[in-house]
Every structure is written in C-alpha cells, then in structure tokens.
Amino acid sequence: MAQKPSIPRGTRDFSPEEVVKRNYIMDTIKRCFTTYGFQPIETPSFENSETLMGKYGEEGDRLIFKILNSGDYLNKVSADVYSEKDSLKMTSSISEKALRYDLTVPFARYVVQHQNEITFPFKRYQMQPVWRADRPQKGRFREFYQCDADVVGSDSLWQEVELVQLYDAVFSALQLKGTTIKMNNRKVLSGIAEVIGEADKLIDFTVALDKLDKIGEEGVKKEMREKGISETAIDKVQPLFTASGNATDKLNLLSNLLSTSQVGMKGVEELTFIVNSVETLGLQSASLEIDVTLARGLNYYTGAIFEVSAPEGVAMGSIGGGGRYDDLTGIFGLKNMSGVGISFGLDRIYLVLEELGLFPDTASANTKVLFINFGEAEALYAMKAITKLRQQGISAELYPDAAKMGKQMSYADKRNIPFTVLAGASEMDASQYTLKNMKSGEQISLDYEGLVRKLQ
RNA sequence: GUGGUUGUAGCUCAGUUGGUUAGAGCGCUUGAUUGUGGUUCAAGAGGUCGCCGGUUCGAACCCGGUCUUCCACCCCA
C-alpha cells in the first residue's frame with residue numbers, strides 16, 4: 001500500500017452525516033438572522049495582507065496564515081533582508097496575501113469599500129470559514145466556520161438588545177436550553193482602571209481579571225502584581241472578585257465603585273438599559289448575566305462585550321462572542337461608523353449538540369426507497385417508477401448492478417434506507433411492485449398509485 | 001510560539017527484560033441461503049508497527065529528529 005494520504009493538522013473531512021448536521025445548524029442560524037432583518041454577504045477567503053495585519057494584535061499577526069507569492073518570490077527579496085534572516089521583515093516581501101482570520105475585519109473593509117452603495121444602518125450576516133495558524137485542541141481548529149451578524153451605522157442600544165434576543169432565538173431554535181449570555185462593557189472596565197489609578201494598564205488589568213474563573217482570586221492578584229499593578233489598586237477592585245447576586249445587584253455594586261468615573265458610569269448606564277429592556281421583553285431559553293470579569297475580545301471593542309457559554313455541565317469554551325466597536329471602519333479611513341455584532345461558533349455548537357444528543361432525526365435526510373436490480377428489463381421497469389417518484393419529490397434510487405439480492409438488501413440496510421422495492425418478472429406481468437418495510441420486514445404488493453401513497 | 005502526550009489491520013485496542021512467522025474484537029470478502037438485509041455458523045483477505053535516521057548480532061519495544069493526536073499555557077470561536 002502506498003503512503004496514506006492525510007490532511008493538514010487542525011483541518012477535518014466531513015462525512016455525509018456530519019454535513020447534514022452542520023447544514024441543520026447553519027440553516028437554523030440563517031433563518032433567525034433573516035427573521036431579524038440581516039442580509040447575507042460573502043467576502044474572499046484571502047485578503048491583501050495589509051488589510052489583516054496589525055488588526056488583531058501581535059498575537060493575531062502570528063496566527064494569520066500567509067500566502068506565498070507566486071513565481072520567483074525569492075528573487076524579489078532585497079539582498080539586505082535576505083541576509084538578515086529576519087522572518088518578520090522577510091514575510092512582507094515574499095507574501096502579499098493572507099487567509100481571512102475572522103469575518104469582522106473583512107466586513108469593515110467591505111463597508112468602507114462599498115460605502116456609497118450601502119444603505120445605513122447596514123445589517124449583514126456572513127457564514128464562512130476562517131483560518132488560524134493556532135495549535136489545535138478540543139473545539140479548536142485551524143479551519144473553522146464563523147456565523148456573524150453585525151449592524152453598522154447605528155449607535156442605538158436597541159441593537160444590543162436585539163442581538164441578545166437573537167442569541168436567544170438561535171439557541172432556542174436549536175433546542176439548546178440553558179445557555180448563558182454573559183455581558184460586560186468596555187467602558188465599565190475603563191472606568192475601573194481609572195478609579196483604581198491604573199488607567200494606563202487597562203489591557204493587562206482586564207486580561208488578568210478575565211481569568212478569575214480559571215485561576216481564581218489569588219491567581220488573578222498574582223498576575224496583576226506581576227504586571228505592576230499596585231497593591232492599593234488591587235484592594236480597590238476586591239469587591240469584583242466576590243460580586244454575586246442578580247444583574248441589579250451587580251449594577252449597584254458597579255455604580256458605587258465607579259461613581260467618580262464619567263466613562264464608567266456611562267458603561268453602567270448602557271448595561272442598565274440593555275438589562276432592563278431584555279428583562280421587559282423576555283427571553284425564551286437563555287439567560288442574560290452581567291459578568292464584570294468578562295474582558296475577552298479583540299482590542300477594538302468599545303462598548304458592550306458578549307460571550308455565550310454552553311449549558312452547565314458541557315465542557316466547552318465559549319460558543320459565541322461579540323460586542324460594540326465604535327470605530328472599526330476608522331482603520332480603513334471611514335470615521336464615525338459605529339458597529340455592533342455577534343458571532344456563533346458553528347463547530348463548537350456542533351460538538352455541544354452532539355454531546356447532548358440534540359440533533360433531530362430530520363437532520364439525517366436519506367434516500368427513502370431502494371429498488372432492487374434483477375436485470376436489464378427489470379431495471380428499466382424500476383427506473384420508470386423511480387423517475388416518476390422523483391418527480392413527486394420522493395428520493396428513490398436503483399441499485400446500479402444486478403448483484404446478488406443479499407448484497408443489495410444489505411446495502412439498503414447499511415444506508416438505513418427505510419423501504420425497498422422488489423419488482424421482478426411476476427410483478428412486471430401484473431404491473432405491481434412489492435414494497436418491503438425494512439424495519440418490520442413486512443411486504444405488500446401494490447400498483448404505482450399505491451406505492452406513491454405509501455411513500456409520501 | 002512554550003511544555004507534555006499519542007501513533008500497531010478499515011475501526012477500537014493488546015503486544016512480557018529488545019529475541020523465530022506481530023495478535024484480538026468489530027468491520028470487510030466468500031459460503032451455508034440462485035427472490036430477501038439485521039441473527040447464527042464456517043472459511044478467507046487485510047499490517048514497511050506514523051515517517052526518517054541512530055544504538056544493537058537482533059528494534060513495534062531503546063535513543064534523536066520529524067509529522068500527527070490530545071492536553072496545559074498563550075490566545076481564542
């Protein structure tokens with residue numbers, strides 16, 4: 001046997017069953033997006049490097065897949081850069097294109113490029129694969145799908161309210177009960193950093209705070225000390241470590257803590273509006289929670305931050321995330337264009353639904369009836385019926401070869417085809433079909449009309 | 001990118017201190033059954049032990065490298 005072929009690490013093949021299940025999730029999400037008034041766009045799988053580089057931080061740049069230039073790319077590298085052996089410098093001269101890292105930055109590029117054709121506020125959704133040169137783990141791949149819904153051109157907090165509802169609508173439609181939509185606000189985080197006198201260490205502070213549920217209170221404090229955050233500052237944020245109670249309690253706590261910070265109070269105000277609105281309108285199956293430690297997300301979030309976690313008991317990272325970015329298109333030259341959006345992690349949602357056994361049976365569409373092949377004349381007789389059945393929208397197929405019957409039956413069995421039709425010389429003489437129910441083993445003789453009635 | 005882990009038949013896995021011809025279960029093929037699948041019984045096919053190199057009289061087993069799997073960190077969906 002020759003060397004077995006393989007696929008790159010972090011990528012996957014999908015079997016028919018898996019594709020059907022993935023389509024079920026995507027169709028559900030798409031239907032919800034449409035209901036909420038979002039319109040689909042698509043962008044290329046690769047962009048010019050300068051569109052992507054520098055938008056996700058230093059870490060992000062490292063994780064972007066670069067595409068090697070075509071042709072004699074080394075020839076175009078200057079002798080200096082070549083002899084320096086500096087990979088970073090070299091990259092820019094041998095690679096001008098890169099695979100899409102997420103859907104948000106390409107969307108920002110799209111908005112700027114097509115600003116004159118777009119009617120604002122623009123609500124778009126996009127479901128396409130993205131690529132990251134990450135090291136794979138469970139639920140982490142190097143090629144995976146994101147399903148994004150974003151609104152640009154509106155500052156209204158009603159968008160945030162609707163996006164929370166949209167999360168709830170999708171997870172409810174998928175029968176995935178008990179998801180938690182965690183919400184925070186970048187302004188609140190800025191406010192905290194401000195009142196504790198560490199405004200310049202905002203990023204270090206938030207990254208450390210974000211790890212609370214993972215490394216615990218002491219771990220967070222340790223990391224904050226290592227990053228040079230003062231002991232008095234850490235004392236001041238102490239209430240956050242033990243924040244509990246419902247949204248109102250947490251908002252009160254934040255109000256007290258942030259009373260001297262203008263930006264902080266603005267964040268609290270925003271959170272309050274969203275929480276109150278959602279509470280009044282109601283959610284079907286998800287719950288909305290304020291999580292002051294939620295800090296993840298890209299550097300460009302400026303207002304609300306969202307993250308969705310799977311129901312309790314399912315070991316999986318976040319299955320969705322999003323937030324408000326006041327000036328995303330600014331980096332491409334279009335100022336004052338606020339956007340807010342959410343993302344669904346298709347691959348992780350798949351793993352969660354699989355673990356909880358939540359895929360419906362209908363998510364495994366299949367051939368309904370297999371006609372057994374007894375030979376030339378019999379096959380033609382079968383094909384006449386098959387042709388008509390297909391026109392009625394009934395999926396039917398003929399076993400292509402006049403193989404032994406046992407083999408044909410076992411083919412139907414393995415493919416879980418619920419019915420077979422046996423039509424040989426005696427059936428042809430009588431213009432009949434013998435329909436066999438593969439589950440019960442029951443067989444009945446029918447004319448074509450009877451066959452259609454049974455299979456519909 | 002850092003540290004660890006995994007790889008043996010199509011699949012799930014055994015394989016003794018390094019020692020003749022590398023095993024099991026499931027699956028597959030054929031037959032018992034020439035118009036009947038699932039159950040049963042019998043026989044059979046299928047492996048460069050991830051790949052490359054090293055140590056050794058001798059390597060699935062020891063060592064190095066590499067690829068892959070999973071995990072932790074980093075970061076993230």
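Chain identifiers are assigned alphabetically (A, B, ...) following the order of the sequence lines, protein sequences preceding nucleic acid strands; residue numbering begins at 1 within each chain.
Between A/Phe171 and A/Phe344, a ring centre-to-centre spacing shorter than 6.0 Å is recorded. Annotation: A/Tyr433 is in aromatic contact with A/Tyr381 [ring centroid separation under 6.0 Å]. Ring to ring, A/Phe33 and A/Tyr125 are close: their centroids are under 6.0 angstrom apart.
In this structure, OH of A/Tyr399 is placed 14 Å from C1' of B/U36, rounded to the nearest angstrom. If you take CH2 of A/Trp131 and P of B/C75, they are 25 Å apart, rounded to a whole angstrom.
Contact annotation: A/Gln137 side-chain N/O to B/A72 OP1/OP2 distance is under 4.0 Å. Regarding contacts with the backbone of B/G1, every side-chain N or O of A/Arg62 stays at 4.0 angstrom or more from both OP1 and OP2. Between A/Lys404 and B/G31 there is a side-chain N or O to OP1 or OP2 distance below 4.0 Å. Contact check, A/Lys211 against B/C73: no side-chain N or O comes under 4.0 Å of OP1 or OP2. Side-chain N/O atoms of A/Lys214 include one lying less than 4.0 angstrom from OP1 or OP2 on B/C73.
For the residue pair A/Asp150 / A/Tyr325, a side-chain donor-acceptor distance below 3.5 Å is found, with atom types taken as modelled.
Remark: A/Arg100 is not positioned above the aromatic ring of A/Phe46, lacking an NZ or CZ atom under 6.0 angstrom from the ring centre and at most 45 degrees off the axis.
For the strand RNA chain B, secondary-structure stems (runs of at least three Watson-Crick or G-U pairs, all distances below 3.5 Å) span B:1-4 with B:70-73, B:10-13 with B:23-26, B:28-32 with B:40-44, B:50-54 with B:62-66.
Residue contacts for A/Leu422: at a heavy-atom cut-off of 4.0 Å it reaches a base atom on one of the strands shown.
Among the nucleotides B/U69, B/U36, B/C75, the one closest to the side chain of A/Arg9 is B/U69. In the set B/G35, B/C75, B/G38, B/C75 carries the atom at the smallest distance from any side-chain atom of A/Val207. Of the candidate nucleotides B/A77, B/U68, B/G3, B/A77 has the atom lying nearest to any side-chain atom of A/Phe141. Listed nucleotides B/U36, B/A77, B/G35 differ in distance to A/Met409; the shortest reach to its side chain belongs to B/U36. The listed nucleotides are B/C75, B/G35, B/U69; the one nearest the side chain of A/Glu59 is B/C75.
Ring orientation note: the planes of A/Tyr24 and A/Phe359 are nearly perpendicular, at an angle over 60° on the 30°/60° scale. Classification of the A/Tyr411-A/Tyr399 ring pair by plane angle, with boundaries at 30° and 60°, yields perpendicular. By the 30° and 60° cut-offs, the orientation of the rings of A/Phe306 relative to A/Tyr167 is perpendicular.
Taking 3.5 Å as the limit, the base of B/C73 and the side chain of A/Arg135 contain no donor-acceptor pair of atoms between them. If you check distances only, the side chain of A/Ser410 never reaches the base of B/G38 with a donor-acceptor pair under 3.5 Å. Applying the 3.5 Å distance criterion, the base of B/G37 shares no donor-acceptor pair with the side chain of A/Lys414.
For the pair A/Gln146 and A/Met405, nearest-nucleotide mapping onto RNA chain B gives the more 5' position to A/Met405. Along RNA chain B, the nucleotide nearest A/Ser440 and the nucleotide nearest A/Asp347 are compared for position; the residue whose nucleotide lies closer to the 5' end is A/Ser440.
Of the residues in residues 442-456 of chain A, A/Gln443 come within less than 4.0 Å of RNA chain B through at least one heavy atom, sorted by number.
Across the C1' atoms, B/G1 and B/C74 are found 8 Å apart, a figure rounded to whole Å.
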